[in-house]
Amino acid sequence: AQSVTQLGSHVSVSEGALVLLRCNYSSSVPPYLFWYVQYPNQGLQLLLKYTTGATLVKGINGFEAEFKKSETSFHLTKPSAHMSDAAEYFCAVSEYGGSQGNLIFGKGTKLSVKP
Amino acid sequence: SAVISQKPSRDICQRGTSLTIQCQVDSQVTMMFWYRQQPGQSLTLIATANQGSEATYESGFVIDKFPISRPNLTFSTLTVSNMSPEDSSIYLCSVGGFSDTIYFGEGSWLTVV
């Protein structure tokens with residue numbers, strides 16, 4: 001069965017510092033991987049996704065993630081944190097591969113940005 | 001892409017009552033998914049709703065508590081029955097298959113008092 005592990009339930013960085021949110025996955029099929037962001041009192045917004053092809057994927061708001069099959073990882077990064085990045089971030093893997101089905105979510109990482 | 005509308009966006013409900021959440025998609029989709037996000041938690045799949053067949057429920061969720069309808073390819077409802085404070089959650093619907101992306105509605109935020 002597919003699973004997602006997000007290391008660190010809470011990450012705190014200073015404004016302008018590197019953001020690194022860790023995600024490891026387990027999948028018995030070629031994975032489709034997603035990062036979503038949830039701002040306070042809002043729904044889920046897609047940040048970026050990996051399906052096939054280029055392993056470094058760029059998303060919205062300056063975020064990017066690299067798919068590393070050998071490490072079964074899909075870590076999310078942003079070179080310079082902004083106060084507006086404070087939110088909860090969820091990594092997810094498609095349960096059956098592809099984008100037709102449901103997602104398995106990690107427990108989430110809450111990002112705080114200090115001025 | 002897909003645009004998903006959910007109603008209600010928020011509600012405060014009395015315990016023992018039931019509430020039906022609607023999910024409308026602007027395109028035809030085969031499968032729709034309902035998730036629950038309890039306070040401070042991640043998302044958990046409740047069920048998969050296919051048009052023309054019974055919904056498929058995940059372990060821990062039963063039809064009597066969360067009946068689902070799927071009358072056509074653009075619409076689904078989830079009812080939360082006989083609510084208790086433990087049902088206070090965000091309920092989200094989701095669809096996939098558009099540009100290799102899975103989309104979520106804005107969620108329905110339920111508080112049971």
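Note on naming: letters A, B, ... go to the chains in the order of the sequence lines (proteins, then strands), and numbering restarts at 1 for each one.
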Colleague: Among pairs that include at least one residue of residues 19-111 of chain A, which meet disulfide (SG to SG under 2.5 Å), considering only residues two or more places apart or in two chains?
Modeller: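 Found A:C23-A:C91.
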Colleague: Is it the side chain or the backbone of B:L43 that comes within 4.5 Å of chain A heavy atoms, both, or neither?
Modeller: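 Its backbone and side chain both get close to chain A.
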Colleague: To see if you've got the definition right, give the donor-acceptor pairs under 3.5 angstrom between chain B and chain A.
Modeller:
{"residue": "B:R10", "atom": "NH2", "partner": "A:N41", "partner atom": "O", "Å": "3.3"}
{"residue": "B:Y35", "atom": "OH", "partner": "A:L103", "partner atom": "N", "Å": "2.8"}
{"residue": "B:Q37", "atom": "OE1", "partner": "A:Q38", "partner atom": "NE2", "Å": "3.0"}
{"residue": "B:Q37", "atom": "NE2", "partner": "A:Q38", "partner atom": "OE1", "Å": "2.9"}
{"residue": "B:S42", "atom": "OG", "partner": "A:G106", "partner atom": "O", "Å": "2.4"}
{"residue": "B:G97", "atom": "N", "partner": "A:S99", "partner atom": "O", "Å": "2.7"}
{"residue": "B:S99", "atom": "O", "partner": "A:K49", "partner atom": "NZ", "Å": "2.3"}
{"residue": "B:T101", "atom": "OG1", "partner": "A:K49", "partner atom": "NZ", "Å": "2.5"}
{"residue": "B:I102", "atom": "O", "partner": "A:Y36", "partner atom": "OH", "Å": "2.5"}

Colleague: Are A:F90 and A:L21 connected into the same hydrophobic cluster when the rule is that any two of I, L, V, M, F, W, Y join if their side-chain heavy atoms are below 4.5 Å apart?
Modeller: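 Shared cluster, no.
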Colleague: Let me know if A:L46 has heavy atoms under 4.5 Å from chain B in its side chain, its backbone, both or neither.
Modeller: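 Contact with chain B: side chain only.
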Colleague: Please flag which part of B:L45 lies under 4.5 Å from any non-hydrogen atom of chain A: side chain, backbone, both or neither.
Modeller: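 Just the side chain, heavy atoms under 4.5 Å.
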Colleague: Hey, any chance A:L111 and A:L7 share a hydrophobic cluster, counting ILVMFWY side chains that come within less than 4.5 Å of each other, even indirectly?
Modeller: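 A:L111 does not cluster with A:L7.
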Colleague: Are B:I46 and B:F104 connected, step by step, through hydrophobic side chains (Ile, Leu, Val, Met, Phe, Trp, Tyr) whose heavy atoms are closer than 4.5 Å?
Modeller: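 No, it is not one cluster - the side chains of B:I46 and B:F104 are not joined through contacts under 4.5 Å.
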Colleague: Are more than 12 heavy atoms from other residues, nucleotides or ligands located less than 6.0 Å from atom CD1 of B:I12?
Modeller: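 Check fails, neighbour count at 12 or below.
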Colleague: Can you name the residues that form a side chain to side chain contact (heavy atoms under 4.5 Å, CB included) with A:P30, not counting sequence neighbours?
Modeller: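 Expected list: none.
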Colleague: Considering only residues two or more places apart or on different chains, which pairs with a residue in residues 86-97 of chain B satisfy salt bridge (charged side-chain N to carboxylate O under 4.0 Å, His left out)?
Modeller: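 As it turns out, the salt bridge (charged side-chain N to carboxylate O under 4.0 Å, His left out) pairs with a partner in residues 86-97 of chain B, which skip direct neighbours, are B:K65-B:D87.
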